[in-house]
Amino acid sequence: MRKRASWHRVLETGESYLKARMPVDARTRQPAGVLHGGVSVVLAETLDSWAGSLVGKPEKHPDVGQEINANHVRAVSDGCVYGVARLLHLGRTSHVAKANHTVAVRRR
């Protein structure tokens with residue numbers, strides 16, 4: 001079985017945040033040629049869960065999403081999207097994180 005490369009890359013971690021980069025290419029575009037909104041949500045959910053696992057105890061309480069909300073403000077057709085997840089509240093059995101995306105390169 002051929003190993004597939006990850007479509008996102010963690011760039012930086014801190015005490016209460018995680019930053020990653022995701023390309024906008026054929027794997028992440030919708031048929032209209034722009035970044036698929038669902039892929040943006042996947043990036044946010046992934047970063048939030050990973051950020052939580054850095055400070056939590058994933059072996060005892062796995063980090064999974066409970067609720068997510070997304071607003072897609074502008075379309076992106078090429079380049080990279082950068083996501084940063086920041087922990088806003090860390091509780092005993094749950095936490096709240098916020099993920100923001102920024103864009104590098106061309107917009108449509």
Side-chain angles (χ1 to χ4, degrees):
M1 184 174 186
R2 190 176 80 165
K3 186 177 179 182
R4 294 182 357 178
S6 178
W7 50 269
H8 55 279
R9 182 164 309 240
V10 174
L11 301 174
E12 194 177 317
T13 60
E15 191 173 310
S16 63
Y17 76 95
L18 181 75
K19 181 178 181 180
R21 177 183 65 221
M22 177 181 69
V24 180
D25 59 20
R27 298 170 294 175
T28 57
R29 284 188 202 107
Q30 59 178 280
V34 296
L35 179 64
H36 193 289
V39 174
S40 293
V41 173
V42 167
L43 179 62
E45 179 81 19
T46 301
L47 291 178
D48 289 350
S49 294
W50 283 352
S53 69
L54 291 174
V55 296
K57 296 179 181 170
E59 65 283 347
K60 188 174 181 180
H61 299 287
D63 291 286
V64 296
Q66 294 175 319
E67 191 271 334
I68 193 162
N69 180 31
N71 296 300
H72 306 284
V73 178
R74 74 173 50 115
V76 181
S77 60
D78 203 3
C80 289
V81 173
Y82 292 85
V84 177
R86 295 193 183 281
L87 292 173
L88 303 177
H89 168 75
L90 186 60
R92 189 174 59 81
T93 59
S94 68
H95 61 269
V96 176
K98 180 177 183 178
N100 287 326
H101 293 27
T102 57
V103 178
V105 188
R106 287 179 277 190
R107 298 178 179 135
R108 185 181 268 187

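Just so you know, these numbers use all the heavy atoms, side chains as well, and skip hydrogens, waters and symmetry mates.
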Considering non-hydrogen atoms only, spot the tightest contact between [X] and [Y] and give its length.
| X | Y | value |
| --- | --- | --- |
| Ala75 | Val34 | CB-CG1, 3.8 Å |
| Ser40 | His72 | CB-CE1, 3.9 Å |
| Ala44 | Ile68 | CB-CD1, 4.2 Å |
| Leu47 | Ala20 | CD2-CB, 3.5 Å |
| Arg21 | Cys80 | CD-SG, 3.6 Å |

**Prompt:** Do you reckon Val24 sits in the same ILVMFWY cluster as Val10, going by side-chain contacts under 4.5 Å, direct or chained?
**Reply:** yes

**Message:** When you group the ILVMFWY residues by side-chain heavy-atom contacts below 4.5 Å and let the links chain together, are Val84 and Val39 in the same group?
**Reply:**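 As far as the 4.5 Å side-chain criterion goes, Val84 and Val39 are not connected within one cluster.
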
**Message:** Using the rule given for side chain to side chain contact (heavy atoms under 4.5 Å, CB included), can you reason through Val81 versus Leu35, listing the C-alpha separation, both sets of side-chain angles and the distance that settles it, and then say yes or no?
**Reply:** CA-CA 9 Å; Val81 173; Leu35 179 64; 3.7 Å; yes

**Asked** CZ/Arg9 to NZ/Lys19 distance, rounded to the nearest 0.5 angstrom?
**Response**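 Here the interatomic distance stands at 14.5 Å.
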
**Donor-acceptor contact present, side-chain Asp25 to main-chain Arg27, <3.5 Å** =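 Here the side-chain-to-backbone pair exists.
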
**Message:** I'd like to know whether Asp78 forms a side chain to side chain contact (heavy atoms under 4.5 Å, CB included) with Arg29, so could you lay out the CA-CA distance, the side-chain angles of the two residues, the decisive distance to 0.1 Å, and finally the verdict.
**Reply:** CA-CA 9 Å; Asp78 203 3; Arg29 284 188 202 107; 3.8 Å; yes

**Item:** Carboxylate-amine/guanidinium proximity below 4.0 Å for Lys98 and Asp48
**Value:**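 Answer for the salt bridge query: no.
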
**Asked** Are the side chains of Thr13 and Trp50 in touch, meaning some heavy atoms are under 4.5 Å apart?
**Response**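 Answer no - side chains too far apart.
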
**Item:** Validation row: Tyr17, Glu12 side chains within 4.5 angstrom (heavy atoms)
**Value:** yes

